[in-house]
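Working notes, beginning with the structure itself.
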Amino acid sequence: MITSSSKVVVLGHASVGKSSLVLRFCKGQFFEYQEPTVGAAFLTKSIPFGNEEAKMEIWDTAGQERYHSLARMYYRGAYAAVIVYDITNKESFIKAKEWAKELHQQIPEEINIVLVGNKSDLESLRTVSFDEASDYAKSSGYIFLETSAKTGENVDDVFFSLAEKLPKT
Ligand code: GTP
Ligand code: MG
């Protein structure tokens, strides 16, 4: 029986779709006009873990710059981080790399990182190539996925990919 809950933090630039990904995964919902997060939001979800279930605690942080310093409170103690950028926004990819760097500097123990390129439904507006992000993730040892919170593409995989890395109790 897996009793310990497992903390996952979601980080990334403003408006990349962090809340939308978490809402899609936890509740199967999507809103065209998702409100910007203030501080952070907390959701939980039970996920299959072998023949059992594990409870994932997901901290959805606010991407607006004024909340940046709060993020540390949420990534401390997390066993995994989902770092999100928007495939139509180059700046958000640069920001994603900065988040990864900050995690390595601030967290002494190892943390599992999934790099997520969201808004894959907006292919015609893409400015970050799959290969560039994939190469970066591979060379850094991160899992990499492109997702759409809008269509649901690959969203479950982001969180399920972390299930196998859940801390054993
Ligand atoms: P902050 O809380 O301010 O950091 O933003 P966020 O990263 O949580 O982004 P949020 O989920 O609020 O989404 C921002 C906007 O992008 C909203 O209007 C969403 O509807 C839209 N959006 C999110 N994911 C997708 C997606 O996969 N495709 C498309 N087309 N739009 C998306
Ligand atoms: Mg949000």
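Atoms within a ligand are numbered from 1 in the order they appear, just like the ligands themselves.
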Report the residues that fulfil salt bridge (charged side-chain N to carboxylate O under 4.0 Å, His left out) with R126, sequence neighbours left out, ordered by chain and then residue number. E123, E146
Does K90, at its NZ atom, have more than 12 non-hydrogen atoms belonging to other residues, nucleotides or ligands within less than 6.0 Å? yes
Working to the nearest 0.5 angstrom, can you tell me the gap between E65 CD and Y67 OH? 12.0 Å
Carboxylate-amine/guanidinium contact D60 K18, below 4.0 Å: no
Going by an N to O cut-off under 4.0 Å, is there a salt bridge joining E57 and K45? no
From the Mg ion (ligand 2) out to just under 2.8 Å, does an N/O/S atom of S20 turn up? no
Look at the N, O or S atoms of S19, main chain and side chain alike, and state whether any lies under 2.8 Å from the Mg ion (ligand 2). yes
Taking the six-membered ring of W99, is the NZ or CZ of K95 close enough (under 6.0 Å from the centre) and on axis enough (within 45°)? yes
Do the side chains of F144 and I113 get nearer than 4.5 Å, heavy atoms only? no
Near ligand 1, at a heavy-atom separation below 4.0 Å: residues by chain and residue number: H13, A14, S15, V16, G17, K18, S19, S20, F30, F31, E32, Q34, E35, P36, T37, A62, G63, N118, K119, D121, L122, S148, A149, K150
